[in-house]
There are 2 protein chains.
Amino acid sequence: MKTLAVNKAAKTMEKNGKGARKRATSYDVAELAGVSQSAVSRVFQDGASASKEMRNRVMAAADKLGYRPNAIARGLITQRSNMVAVVISKMTNLYYPEVLVQLTQHFSERGVRVLLFALEREGDTATVIEQMLQYRVDGILTAAMFTPEQLRTLQNEDIPIVFYNRTLKDQLVSSVLCDQQEGERWLVDELVNAGHKSFGIVEGPADSVVSIERKTGALNELAELGITDVTTVSGDYGYETGKECFAKLIQKRGSPPEAVIAANDVMAIGCIDEAREHFRLKVPDDISIVGFDGVGQARYAAYDVTTVRQPVHRMTESAASMLIERIENPELSPEKRAFSGTLIRGSSARLRSDDS
Amino acid sequence: MKTLAVNKAAKTMEKNGKGARKRATSYDVAELAGVSQSAVSRVFQDGASASKEMRNRVMAAADKLGYRPNAIARGLITQRSNMVAVVISKMTNLYYPEVLVQLTQHFSERGVRVLLFALEREGDTATVIEQMLQYRVDGILTAAMFTPEQLRTLQNEDIPIVFYNRTLKDQLVSSVLCDQQEGERWLVDELVNAGHKSFGIVEGPADSVVSIERKTGALNELAELGITDVTTVSGDYGYETGKECFAKLIQKRGSPPEAVIAANDVMAIGCIDEAREHFRLKVPDDISIVGFDGVGQARYAAYDVTTVRQPVHRMTESAASMLIERIENPELSPEKRAFSGTLIRGSSARLRSDDS
DNA sequence: GGCAATATTGCATCCGCATGCAATCCGGAA
DNA sequence: TTCCGGATTGCATGCGGATGCAATATTGCC
């Protein structure tokens with residue numbers, strides 16, 4: 001059987017005469033070290049038993065050959081790819097990039113690789129699901145919505161999923177989210193306390209769950225406070241539409257509202273610019289404008305947007321943990337973790353008079 | 001042998017009594033369809049020969065079982081993972097997220113999956129390389145620099161690499177880049193033509209090749225035009241350091257320069273804010289400030305940064321193609337593709353008087 | 001020093017699919 | 001109807017590593 005190993009390796013060698021040498025396999029290392037392939041395999045595993053002597057011999061041989069365990073082959077036999085799919089959609093908040101990098105780092109620290117899927121729009125999930133399934137990802141972290149049927153498919157395959165900033169009401173799924181409604185309530189309270197009575201709402205793309213949440217949050221609170229003068233227009237989260245929306249708002253109601261609630265900071269910035277540029281309005285003297293997210297740009301001195309900052313770091317950390325836990329223990333039941341944002345009082349909105 | 005297949009499948013079944021059914025394999029499909037596993041394999045391949053009748057039977061069985069070819073197993077046998085590694089570093093331009101999404105989409109369209117690696121700093125490449133190698137990616141697209149030794153390792157393994165916005169002088173590597181130096185020359189020309197004689201340069205992180213390129217580009221052109229009053233400070237591409245750098249600049253030279261050249265738009269914005277806020281300088285009346293990249297924020301009305309826009313779409317498209325071509329044909333020699341940016345004349349810099 | 005308990009090591013086999021080769025099938029030409 | 005060439009199909013095997021089991025080497029303990 002030693003002979004067998006030798007033959008195997010020899011055959012491998014001759015097949016690649018001068019051209020690109022094949023990458024070394026555990027058999028090659030085993031042969032060079034004069035041990036069995038299993039031994040090599042064990043040396044490169046965590047909890048496996050191998051004597052010091054063995055470890056040294058194998059490692060020496062491995063170094064000499066530039067051997068690296070083949071994660072693909074390992075995945076095939078262990079039924080664990082150690083990869084998770086991360087799904088984001090393109091026309092989403094400018095703020096997701098940050099999320100993406102942090103997520104990747106969190107996963108990376110725990111030995112999990114990220115297979116990235118970027119959707120053109122939140123709806124394009126079909127082919128992506130097929131891909132994720134074919135690559136046998138161990139889990140899915142998504143910032144895009146899936147249809148109930150897709151969800152069922154994934155459940156059938158026992159692939160844990162964690163939703164990022166989205167969730168399903170009628171279904172048990174794991175999700176990490178920032179309490180959008182709460183945040184909007186804070187903003188509305190702030191604005192109402194400052195004495196504003198007429199409102200404009202700039203919502204995001206129709207298929208964005210987050211945008212819907214924010215809108216309803218704001219509308220509910222406004223209704224509760226007895227404010228009825230509310231006009232809504234919708235954009236796509238981008239700067240340009242922020243500007244357009246502001247103009248539409250004015251056109252729609254004839255005059256500027258006292259306050260504008262934008263679905264995100266970028267559109268809020270668009271509104272501010274449009275208000276200043278085309279309508280000669282002073283922010284916040286003539287009009288208050290608030291956003292959501294707490295992205296970097298919201299802090300630019302020219303805008304200093306009043307907003308609610310999402311605790312991105314804690315959220316990504318939590319999402320990664322949650323997914324990994326469910327990969328390691330599939331029995332865990334779904335869980336929703338909602339994080340509160342932080343109200344950032346910038347200078348784009350009038351402050352409430354009573355500073356209670 | 002029909003019997004054999006039956007046994008195999010039967011064994012599989014019994015192993016998973018009630019618990020999670022195992023995912024269907026090509027054997028399961030073969031059995032249900034009453035054909036051989038090879039047949040199933042062929043039906044799910046592109047150029048393979050299979051009769052219409054066969055195709056139908058197999059597909060019917062596959063549908064019934066929810067079968068999906070296992071890309072991991074396929075990768076093992078074909079020696080092609082159909083995955084590429086994309087490496088980005090965190091503290092890099094805010095502008096990369098856009099790049100990332102576009103790259104992913106380009107790859108996706110061509111049937112290639114993206115394994116994402118996010119570095120804390122551009123230097124943290126060591127472990128990442130190990131990972132990429134273990135996962136047997138077919139190619140690497142990197143927006144971070146590798147050491148010559150790492151490069152050698154990758155070359156030994158015959159993994160094609162394409163560098164994004166970085167390259168090596170003394171070595172043949174494929175890269176896609178925006179001509180940073182050219183862009184800076186344009187900006188400098190613009191500023192000098194407008195009559196500016198004293199300059200401040202805000203460079204990026206020391207380990208950013210792009211930043212170095214931009215700085216040298218600017219310095220060279222300034223020298224060529226006989227401008228010697230140049231002060232340099234360095235930041236990290238972020239807004240905050242943009243502000244700090246501007247202050248440092250003034251402190252260093254006692255008075256504001258007539259023009260500031262920032263290594264990217266975000267820092268340019270920081271400079272503008274600091275100039276306005278703390279030094280009561282009017283932009284561009286008292287001072288001209290230019291950036292680089294042409295990110296979204298540069299177009300915000302409050303800044304309207306004069307800058308050079310990188311043709312991101314063409315660059316990502318080109319990078320993806322270049323890598324895929326080299327995966328399909330490893331003999332292709334390295335190639336550098338340099339794209340020209342587009343000068344965007346915003347209002348953050350004085351215009352040249354002669355409008356030639 | 002002798003023996004049981006424990007730690008190492010090797011063997012054989014499997015993970016799920018692709019593919020060269022041989023066997024079989026089919027249609028058309030003679 | 002018979003024969004031939006191309007199209008289909010099945011068989012056997014391999015990709016690179018993990019792992020249960022059995023054989024062997026070590027160790028500790030009395």
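Below, each value reflects all heavy atoms present in this structure, side chains not excepted, and no hydrogens, waters or symmetry copies. We name chains A, B, ... by the order of the sequence lines, and we start the count at 1 in each one.
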Rounded interatomic separation in angstrom, taking CE from Met54(B) and C1' from dT24(C): 12 Å
For residues 62-81 of chain B, which residues have at least one heavy atom under 4.0 Å from DNA chain D? Leu76(B), Ile77(B), Gln79(B)
Taking the side chain as everything from C-beta on, heavy atoms only, tell me whether Val84(A) gets closer than 4.5 Å to Ile140(A). no
Whole-Å gap separating P (dC11(C)) and CD (Glu31(A)): 14 Å
With 3.5 Å as the limit, what N/O pairs link the protein to nucleotides 20-22 of chain D?
{"residue": "dG20(D)", "atom": "O6", "partner": "Arg42(A)", "partner atom": "NH2", "Å": "2.9"}

Atom CG of Asp28(B) and atom C1' of dC17(C) are separated, to the nearest Å, by 13 Å
Starting at atom CD of Gln45(A), determine the distance to atom C1' of dT9(C), rounded to an integer number of angstrom. 14 Å
For Arg136(A), give me all partners under side-chain hydrogen bond (donor to acceptor under 3.5 Å, both in side chains), at least two apart in sequence or on another chain. none
Residue list, side-chain hydrogen bond (donor to acceptor under 3.5 Å, both in side chains) with Arg337(A), at least two apart or on another chain: Ser318(A), Glu335(A)
Test side chain to side chain contact (heavy atoms under 4.5 Å, CB included) applied to Ser41(A) - qualifying residues, sequence neighbours left out: Gln37(A), Gln45(A)
Who pairs with Glu325(B) by side-chain hydrogen bond (donor to acceptor under 3.5 Å, both in side chains), at least two apart in sequence or on another chain? none
How many whole angstroms separate atom CD of Gln37(B) from atom P of dG14(D)? 15 Å
Taking only residues at least two apart or on different chains, which pairs with a member in residues 109-118 of chain B satisfy side-chain hydrogen bond (donor to acceptor under 3.5 Å, both in side chains)? Gln131(A)-Arg113(B), Arg110(B)-Glu317(B), Arg110(B)-Ser321(B)
Could you give all pairs that pass the side-chain hydrogen bond (donor to acceptor under 3.5 Å, both in side chains) test and reach residues 69-84 of chain B, with sequence neighbours left out? Ser81(B)-Asp138(B)
Distance-only donor-acceptor check, side chains Ser89(B) and Glu120(B), under 3.5 Å: no
Residues Ser174(B) and Lys336(B): side-chain donor-acceptor under 3.5 angstrom: no
Ser41(B) side chain near dA18(C) phosphate (N/O to OP1/OP2, under 4.0 Å): yes
With Asn56(A) via side-chain hydrogen bond (donor to acceptor under 3.5 Å, both in side chains) - residues at least two apart: none
Quick one: is dC11(C) close enough that its OP1 or OP2 comes under 4.0 Å of any side-chain N or O from Ser36(A)? no
Calculate the interatomic distance between Asp46(A) atom CG and dG17(D) atom P; express it in whole Å. 16 Å
With Arg57(A) via salt bridge (Lys or Arg N to Asp or Glu O under 4.0 Å) - residues at least two apart: Glu53(A)
Heavy-atom nearest nucleotide on DNA chain D for Glu53(B) versus Phe44(A): which residue maps closer to 5'? Glu53(B)
Specify the separation, in whole Å, of atom CG of Leu133(B) and atom P of dG16(D). 14 Å
Rounded to the nearest Å, what distance is computed from the NZ atom of residue Lys52(B) to the C1' atom of nucleotide dA7(D)? 16 Å
The helix from dG1(C)-dC30(D) to dA30(C)-dT1(D): angle between terminal helix axes, five bp per end, to the nearest 10 degrees, reads 30°
Listing request: all ring-ring contact (aromatic ring centres under 6.0 Å, His included) pairs with a residue in residues 30-82 of chain B, at least two apart in sequence or in separate chains. Phe44(B)-Tyr67(B)
Using a cut-off of less than 4.0 Å, is there contact between a side-chain N or O of Ser51(A) and OP1 or OP2 of dA7(C)? no
